[in-house]
**Student:** 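Please see the structure below; I have some questions.
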Amino acid sequence: MTDPDPFAEGERAARENIPAEANPYLDGSDQHALWAAGHEKVAGAIEARQSESG
């Protein structure tokens, strides 16, 4: 079994409408930054689609 990928976890959280504040990793850690980057990637894409259709 492999370690969880924080970037992929962040992407999944954004798809499931879990807020960025729910980042489970220690603030300032590499994992925290990766999770946040994954979350922002997906959340930004979702937001862009919503603004195009709205």
**Student:** To the nearest 0.5 Å, what is the distance between CD1 on Ile18 and CG on Asn23?
**Tutor:**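 Here the interatomic distance stands at 11.0 Å.
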
**Student:** Identify every side-chain donor-acceptor pair in residues 45-54 under 3.5 Å, counting partners at least two apart or on other chains, and give the distances.
**Tutor:**
unit_1	atom_1	unit_2	atom_2	d
Ser51	OG	Glu47	O	3.4
Ser51	OG	Ala48	O	3.0
Ser53	OG	Arg49	O	3.3
Ser53	OG	Gln50	O	3.3

**Student:** Strictly by salt bridge (charged side-chain N to carboxylate O under 4.0 Å, His left out), give each pair with a member in residues 28-39 just once, sequence neighbours left out.
**Tutor:**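 Residue pairs with at least one partner in residues 28-39: there are none.
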
**Student:** Let me check something: any side-chain donor-acceptor pairs from residues 4-15 under 3.5 Å, sequence neighbours excluded? List them with distances.
**Tutor:**
unit_1	atom_1	unit_2	atom_2	d
Asp5	OD1	Phe7	N	3.1
Glu9	OE1	Tyr25	OH	2.5
Glu11	OE2	Lys41	NZ	3.1
Arg12	NH1	Glu16	OE1	3.4

